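Read through the structure below, which is laid out as structure tokens, and then see the notes.
A, B, ... follow the sequence lines: proteins, then strands. Residue 1 opens every chain. Heavy atoms only: backbone and side chains are in, while hydrogens, waters and symmetry mates are out. In this text, all values refer to a predicted model and were calculated from it rather than measured experimentally.
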Protein chains: 2
Amino acid sequence: MASEKSETLPVRISRVLAERIISGQLEPGARLRQDHVAAEFGASHVPVREAFQRLEAQGLAVSEPRRGVRVAAFDLREVREVAEMRAALEVLALRHAGPHLTRAILDEAEEATRAGDNSPDVRAWEEANRRFHRLIVTPCAMPRLLAAIDDLHAASARFLFSSWRSDWEARTDHDHRAILAALRAGQVDEAAAILARHVQWIGSKPVRTAAGGTRDVFAIQG
Amino acid sequence: MASEKSETLPVRISRVLAERIISGQLEPGARLRQDHVAAEFGASHVPVREAFQRLEAQGLAVSEPRRGVRVAAFDLREVREVAEMRAALEVLALRHAGPHLTRAILDEAEEATRAGDNSPDVRAWEEANRRFHRLIVTPCAMPRLLAAIDDLHAASARFLFSSWRSDWEARTDHDHRAILAALRAGQVDEAAAILARHVQWIGSKPVRTAAGGTRDVFAIQG
DNA sequence: CGGGAAGAAATTATCGATAATTCATGGCCA
DNA sequence: TGGCCATGAATTATCGATAATTTCTTCCCG
């Protein structure tokens, strides 16, 4: 019962499990057995249950009534769905954030873009990419919208990690820079248009070819 | 322990509580005490806890770590936020549903519009209105998107009931008919544009004037 | 008479255990 | 030999109880 700072137990468990699901450590369809998880965290199954519900609300797990909880499966259809929802919602958020964007925020976003370009691995790139997107939409001050966007980002990241397990090669993110340039010029509509295209380019190509074969080029943009 | 057909206990409890919150029977800020709810439903507090979490995921309740759960408060800001999210997501859904809309679906939607125009009270109107919106977006076949829209509808309905408690007067919904006309003509973009305006007109005016005084005109559109 | 602290009541969060359901294995019969 | 039913093991869902935290009340002091 070593309690951390002030994070509740269910939140802690759900966060750790979410990381495992997103990173691919827990594969789609894998069963989440409450007793096992409870034993691992040194807790009972009641907090674990709540953690499972939290994951289900995020779309990372699915719960069949008397059959237990599984890691949510995802196919290209859902990836596209998430991408389109992200495009719609992030554009909305950016439009509202536009008037409240300060020089400091844009500088920080540019820093995040640079960090992304210099990332040694996918994980670092994803973190920087998420930071960029979060920075430019947060000033909209719409909590419900931001929470929804966060959940969609989790789903996107999950897909990202599932495809690029190894062989990572960083490249400069021209879209991010174009968005920043437009925002610096006060052209929010232009920035929003670029952002929409940028986000929707997720999953524009099939995920895998034959088993073990060469993986097709696969456009992921954050 | 009279169990119904096959609906799980937490789902049942959360549904009933959601209805009460939406209808205004449970006022914003009201505490939800798990033992009381448990006693009312003849259950323990474990399923009640899960029901609370479900409500929180829907945005109908807020949970402070060791302080319990309260009915979520909502102000005009959040109403606008929900309206804009609805506009963005329903437009997205309609664009994808467009190609799959059949004559039968549009006829049913027109029937729902008529039912709304002839509604004797707000509750009936809201039900018909929700049916209309659901009908025209469901064929998009994007489960995550539809679930998000449903949650937003719940928030909208909650706001609707909170303002129009009594003195209800039905009026013909021209927007719905215009949307249907555009869809029948195959002009999905036109329909989407009308839908966006239609939804965003929620909460365009202040909610209440002085206590008990004349209530200001208050544009709610579904 | 007002503010603050200490105690008591209430409520939340977690645990261990029980009941009910599902999944798997093995045996039986056609 | 193949399919089906029954029994057993595993797992989920719920319950009752305990521990910890918060909040309300009341009393004391300035």
Side-chain angles (χ1 to χ4, degrees), chain A residues 1-21 25-73, chain B residues 1-21 25-73:
Chain A
M1 286 92 185
S3 63
E4 300 263 321
K5 279 181 257 182
S6 65
E7 199 180 31
T8 58
L9 196 48
V11 172
R12 217 176 79 85
I13 297 175
S14 79
R15 196 171 45 75
V16 173
L17 291 179
E19 282 173 12
R20 287 185 195 163
I21 295 174
Q25 193 173 342
L26 260 57
E27 292 190 2
R31 290 194 62 176
L32 295 175
R33 277 170 298 228
Q34 52 187 207
D35 284 0
H36 291 206
V37 178
E40 178 187 345
F41 285 88
S44 182
H45 43 252
V46 179
V48 175
R49 267 182 99 67
E50 299 196 7
F52 284 174
Q53 275 221 349
R54 213 165 270 258
L55 294 175
E56 195 183 0
Q58 279 187 308
L60 295 177
V62 289
S63 158
E64 289 175 288
R66 276 273 185 188
R67 296 181 164 185
V69 173
R70 297 178 167 279
V71 176
Chain B
M1 287 104 182
S3 63
E4 299 264 320
K5 279 182 257 181
S6 65
E7 198 179 32
T8 59
L9 196 47
V11 172
R12 216 176 79 85
I13 297 175
S14 79
R15 195 171 45 75
V16 172
L17 291 180
E19 284 174 10
R20 288 186 195 163
I21 295 175
Q25 192 173 344
L26 260 57
E27 290 190 4
R31 292 193 61 176
L32 294 175
R33 278 168 300 223
Q34 51 187 209
D35 284 0
H36 290 208
V37 178
E40 178 187 346
F41 285 88
S44 182
H45 44 253
V46 179
V48 175
R49 266 182 100 68
E50 298 196 8
F52 285 175
Q53 273 220 350
R54 213 166 269 258
L55 293 175
E56 195 183 1
Q58 280 187 307
L60 295 176
V62 289
S63 159
E64 289 176 286
R66 275 273 184 185
R67 296 182 165 184
V69 172
R70 297 178 168 278
V71 176

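A side chain to side chain contact (heavy atoms under 4.5 Å, CB included) with His45(B) holds for exactly one of His36(B), Gln34(B), Arg33(B); it is Gln34(B).
One finds the CG atom of Leu17(B) at 10.0 Å from the CD atom of Gln25(B) (value rounded to the nearest 0.5 Å).
Of all heavy-atom pairs spanning Pro65(B) and Thr8(A), the tightest one is CB-CG2, 4.0 Å.
Ion pairing between a basic and an acidic side chain is recognised when a charged N comes within 4.0 Å of a carboxylate O; Arg15(B) and Glu19(B) show such pairing.
Looking only at side-chain heavy atoms (C-beta outward), Val69(A) and Leu55(A) stay at 4.5 Å or farther from each other.
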(message) Return a single string for nucleotides 6-13 of chain C, one symbol per nucleotide in 5' to 3' order, where B is base contact, S is sugar-phosphate-only contact and - is none, cutoff 4.0 angstrom on heavy atoms.
(response) -----SBB
